[in-house]
Number of protein chains: 2
Amino acid sequence: MPAARAEGAGKSGPTLEQVAARAGVGRGTASRVINGSPRVSERTRAAVQAAVAELGYVPNRAARALAAGSMDAIALVVPEQENRLFAEPYFSEILRGVSTELGDTDMQLLLTLIRDERGRERFAQYAAAHRVDGVLLVSVHGDDPLPDLLRDVGMPAVLSGRRSHAEHLPYVDSDNLLGAQMAVEHLIGRGRRKVATVTGPLDMYVARCRLEGYHEALRAAGRSTAPTDEHLVVEGDFTEEGGRRGMLELLRRDPEVDAVFCASDVMAAGARLALRETGRDVPEDVALVGFDDSAVARHMDPPLTTVRQPIEEMGRAMVRMLLDLMARAQDDAPGRAGTGGGNSTQDQPRLLLPTELIRRRSS
Amino acid sequence: MPAARAEGAGKSGPTLEQVAARAGVGRGTASRVINGSPRVSERTRAAVQAAVAELGYVPNRAARALAAGSMDAIALVVPEQENRLFAEPYFSEILRGVSTELGDTDMQLLLTLIRDERGRERFAQYAAAHRVDGVLLVSVHGDDPLPDLLRDVGMPAVLSGRRSHAEHLPYVDSDNLLGAQMAVEHLIGRGRRKVATVTGPLDMYVARCRLEGYHEALRAAGRSTAPTDEHLVVEGDFTEEGGRRGMLELLRRDPEVDAVFCASDVMAAGARLALRETGRDVPEDVALVGFDDSAVARHMDPPLTTVRQPIEEMGRAMVRMLLDLMARAQDDAPGRAGTGGGNSTQDQPRLLLPTELIRRRSS
DNA sequence: CGCATCGTTGGGAGCGCTCCCACGCTGCAC
DNA sequence: GTGCAGCGTGGGAGCGCTCCCAACGATGCG
């Protein structure tokens with residue numbers, strides 16, 4: 001047992017070279033073992049692995065990235081628009097899912113909050129220069145140029161949530177329509193006669209989906225969806241105050257409303273406020289259902305029936321999808337132009353995860 | 001205006017070499033301009049900057065890191081213990097602060113969730129190999145070996161929150177003691193006679209601080225803090241159910257309790273539940289104050305009086321502190337052993353940010 | 001028995017950058 | 001006029017790694 005220990009005392013750990021030397025093999029061979037190449041004899045592999053363990057070798061990412069041309073890192077990009085989605089459990093759960101799924105890889109997670117135009121541009125440039133291998137885009141607005149920009153420079157990217165029905169980029173989304181439909185069907189099933197809704201801002205696709213789910217449920221129940229009944233639909237903005245105002249407006253239009261589906265829990269909280277102000281009980285006078293199953297829902301009085309999305313799973317799925325895209329990009333690059341496979345830009349991966357109704361006392 | 005554009009078509013952007021060539025200077029000079037070295041003539045600087053702009057040059061981080069030995073990246077480490085602190089606004093606000101402050105640097109933010117022992121070890125090794133330049137540790141437990149390990153390998157690190165009164169590592173914390181004291185003084189000021197408290201888990205320093213603030217306020221008001229009054233102190237665990245049980249226990253010990261300071265909003269929500277179960281009104285029968293000013297507080301019925309910490313500012317301060325430490329480490333390394341400065345390990349930077357009482361209807 | 005083949009292996013050639021040494025050149029003192 | 005700082009500057013030498021090609025011994029075949 002040679003007394004090899006005094007090397008690389010202060011700083012950075014041992015190098016591949018040192019590992020190779022200790023294992024009595026060449027640099028190339030050591031590299032092969034570490035990267036799991038099959039073309040190595042069992043004996044050699046064992047020797048190198050022993051050396052790695054003894055020296056506590058950790059590959060230098062920078063060197064690896066430089067030599068291999070890939071960064072072993074993906075960016076999670078969060079546009080910090082009014083930090084709405086940010087404080088919600090949404091973000092942290094996505095993060096947890098992403099991180100969990102990434103834990104098995106030795107891919108790095110780079111977190112990028114985009115605050116303004118300047119930040120966006122900076123990131124765009126950064127991505128264009130291929131400083132990351134892939135990008136996860138959380139809650140992009142429909143008019144954000146970033147997604148298409150990324151596609152143009154050939155940077156693999158996955159969206160959380162579609163921007164429109166015809167989303168042409170890879171995405172993972174939850175089934176907002178069906179979720180909303182279930183919520184409203186639940187309300188109808190409880191015998192409610194006048195089921196109204198406070199929608200999200202209708203320039204957001206997610207809001208339109210939930211509204212459509214509302215309509216779908218009414219239609220399925222054989223109830224009119226005629227324009228004359230549109231007075232039971234009010235557009236909100238996903239804020240508490242918006243929910244409150246929406247509820248007040250509904251009550252003004254029709255005091256006999258006995259159920260409201262709010263397109264977000266926060267708006268439901270606002271609606272709850274309005275109901276209290278006007279002396280109505282929940283759920284006796286008006287049943288309330290939200291969407292998101294955020295903390296607010298559990299803590300409302302009464303606890304709010306709501307629709308849960310599998311957010312953590314969405315994060316995980318996004319990562320899986322992105323890694324897949326990255327591998328595909330990797331394979332496509334070297335030569336093989338028109339193989340039999342035919343991965344046209346048309347078959348972008350997409351995934352719709354199921355939503356679930358959480359019944360609580362508000363309905 | 002030469003028609004130079006067809007270079008580096010598909011992949012990665014232009015290199016320093018290309019920039020230098022275009023500017024008609026050497027590689028070294030171009031590097032100097034880009035890194036803002038003062039030893040460059042004005043003319044040359046302008047020429048290089050023009051070339052950079054024309055080519056859309058973005059330095060290759062990997063190469064820079066490899067050559068310079070620094071990674072231009074810091075890690076934000078979040079131990080994902082029961083994801084408690086994670087869902088709270090705490091985490092997202094810290095993140096916002098960190099990200100904002102980092103926006104001015106071109107430092108990268110690496111997010112690392114540590115889920116288990118294995119993850120911890122992995123990160124420790126990672127850090128030991130100097131794969132990042134600094135570490136931000138969020139909500140470490142007192143028995144976590146990571147902080148000291150980082151110090152041992154000379155990795156700059158800043159904690160959010162002390163682990164004990166004698167924290168010997170750089171930290172940023174909020175004034176929990178004074179915050180709690182203000183809360184309880186407020187309760188006393190409102191004429192409450194029997195002010196109780198549900199603490200956090202007392203093996204956490206933050207919980208002990210808040211408890212001490214409670215005692216301090218009582219003492220300042222000339223009220224007994226004798227052991228006989230300890231029946232007004234119940235240990236909770238920062239969970240809703242813990243708060244509920246704590247409140248029930250308090251009520252059992254003394255049904256005439258008329259005010260409770262809960263060491264977290266979530267526990268206050270639990271306490272609120274218990275009060276409702278036992279038919280007590282808030283604030284008429286029992287006044288309630290929480291801590292954190294989380295979303296729950298605003299949405300409780302009635303809205304919860306609570307203590308706000310400047311969390312985003314804490315994030316920013318942590319980054320500033322860490323960058324400072326990193327610069328210092330940078331300077332210390334080259335030669336200059338015992339300069340006049342005398343930066344012994346004793347004067348670790350530390351910062352205590354003020355807390356603020358947010359008055360709402362629950363008190 | 002010689003030659004092609006295959007499974008392994010060693011190590012050179014960079015990846016793009018920073019560091020640093022050496023090289024003009026100018027300006028000034030001698 | 002010679003000497004010598006000092007400023008800008010160019011470019012070599014790596015940083016630690018992966019990629020790849022040549023080389024090697026052990027086989028298998030004609």
Side-chain angles (χ1 to χ4, degrees), chain A residues 7-8 10-48 51-52 55 57-73 106 129-131 133 330 333-335, chain B residues 7-8 11-48 51-52 55 57-73 106 126 129-131 133 330 333-335:
Chain A
E7 49 206 13
K11 270 280 181 184
S12 221
T15 70
L16 221 213
E17 191 98 44
Q18 291 169 19
V19 171
R22 182 173 187 97
V25 302
R27 224 174 50 255
T29 306
S31 172
R32 246 161 273 149
V33 171
I34 284 160
N35 294 294
S37 159
R39 330 215 111 285
V40 183
S41 74
E42 217 35 70
R43 262 178 54 72
T44 312
R45 179 182 309 280
V48 172
V52 165
L55 261 34
Y57 171 74
V58 182
N60 182 322
R61 274 201 127 74
R64 179 178 288 194
L66 180 56
S70 89
M71 298 296 291
D72 273 9
D106 61 347
H130 284 263
R131 275 10 170 195
D133 301 326
Q330 192 80 265
Chain B
E7 49 205 11
K11 270 279 182 187
S12 222
T15 70
L16 220 211
E17 192 97 45
Q18 290 168 20
V19 171
R22 183 173 187 94
V25 302
R27 226 175 49 254
T29 304
S31 171
R32 248 162 270 148
V33 171
I34 284 160
N35 294 295
S37 158
R39 327 216 116 284
V40 184
S41 75
E42 216 37 66
R43 261 178 55 72
T44 312
R45 179 182 310 280
V48 173
V52 165
L55 261 34
Y57 170 74
V58 183
N60 182 321
R61 276 201 126 77
R64 179 179 288 194
L66 181 57
S70 91
M71 298 294 292
D72 273 8
D106 61 347
Y126 195 80
H130 284 264
R131 277 5 170 197
D133 300 326
Q330 191 79 264

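Naming convention: chains lettered A, B, ... in sequence-line order (proteins, then strands); numbering from 1 in each chain.
Side chain of A:Arg22 to main chain of A:Val48: no donor-acceptor pair is present (N/O by atom type, distance under 3.5 Å, no hydrogens or angles).
Proximity of B:Leu16 to B:Ser31: side-chain heavy atoms (C-beta onward) are separated by under 4.5 Å at one or more points. Between A:Asp72 and A:Ser70 the shortest side-chain heavy-atom distance falls below 4.5 Å.
One can place CG of B:Leu66 at 13 Å from P of C:dC15, the figure rounded to the nearest angstrom. One interatomic measurement links the two molecules: CG of A:Asp72 to C1' of D:dG16, which rounds to 14 Å at whole-angstrom precision. Note: CD (B:Glu17) to P (C:dT18) measures 12 Å, nearest angstrom. Across the protein-nucleic acid pair, A:Leu16 atom CG and C:dG11 atom C1' stand 13 Å apart, rounded to whole Å. Taking atom CE on A:Met71 and atom C1' on D:dT18, their separation rounds to 15 Å, with Å as the unit. Between the CD atom of A:Gln18 and the P atom of D:dC15 there is a distance of 11 Å, given to the nearest Å. One atom, CD of A:Glu42, and another, P of C:dT9, lie 10 Å apart when rounded to the nearest Å. Here the P atom of nucleotide C:dG16 and the CD1 atom of B:Ile34 are 14 Å apart, to the nearest Å.
Residue B:Arg64 has its side chain nearest to C:dT18 when only C:dT18, C:dG10, D:dG16 are considered. With C:dG16, D:dT9, C:dT9 as the candidates, the nucleotide lying closest to the side chain of B:Asn60 is C:dG16. Nearest to the side chain of A:Ser41, among C:dT9, D:dC17, D:dT9, sits C:dT9. Checked against D:dT18, D:dG14, C:dG7, the side chain of A:Arg39 finds its nearest nucleotide in C:dG7. Of the candidates D:dG16, C:dT8, C:dG16, C:dG16 carries the atom nearest the B:Ala67 side chain, counting heavy atoms from C-beta on.
To the nearest 0.5 Å, atom NE2 of residue A:His130 and atom CG of residue B:Asn60 are 12.0 Å apart.
Under 4.0 angstrom from either OP1 or OP2 of C:dC17 there lies no side-chain N or O belonging to B:Ser31. Between A:Thr44 and C:dT9 there is a side-chain N or O to OP1 or OP2 distance below 4.0 Å.
Both B:Ala63 and B:Arg43 lie close to DNA chain D; mapped to their nearest nucleotides by heavy-atom distance, the more 5′-ward contact belongs to B:Arg43. In this structure, A:Gly28 and B:Asn35 both approach DNA chain C, and ranking their closest nucleotides by distance from the 5' end singles out A:Gly28.
In this model, a side-chain donor or acceptor of A:Arg27 finds a partner on the base of C:dG12 within 3.5 Å. One N or O donor and one acceptor, one from the side chain of B:Arg32 and one from the base of D:dG10, sit under 3.5 Å apart.
In this structure, B:Tyr57 and B:Thr15 approach most closely via the heavy-atom pair CE1-C, 3.6 Å.
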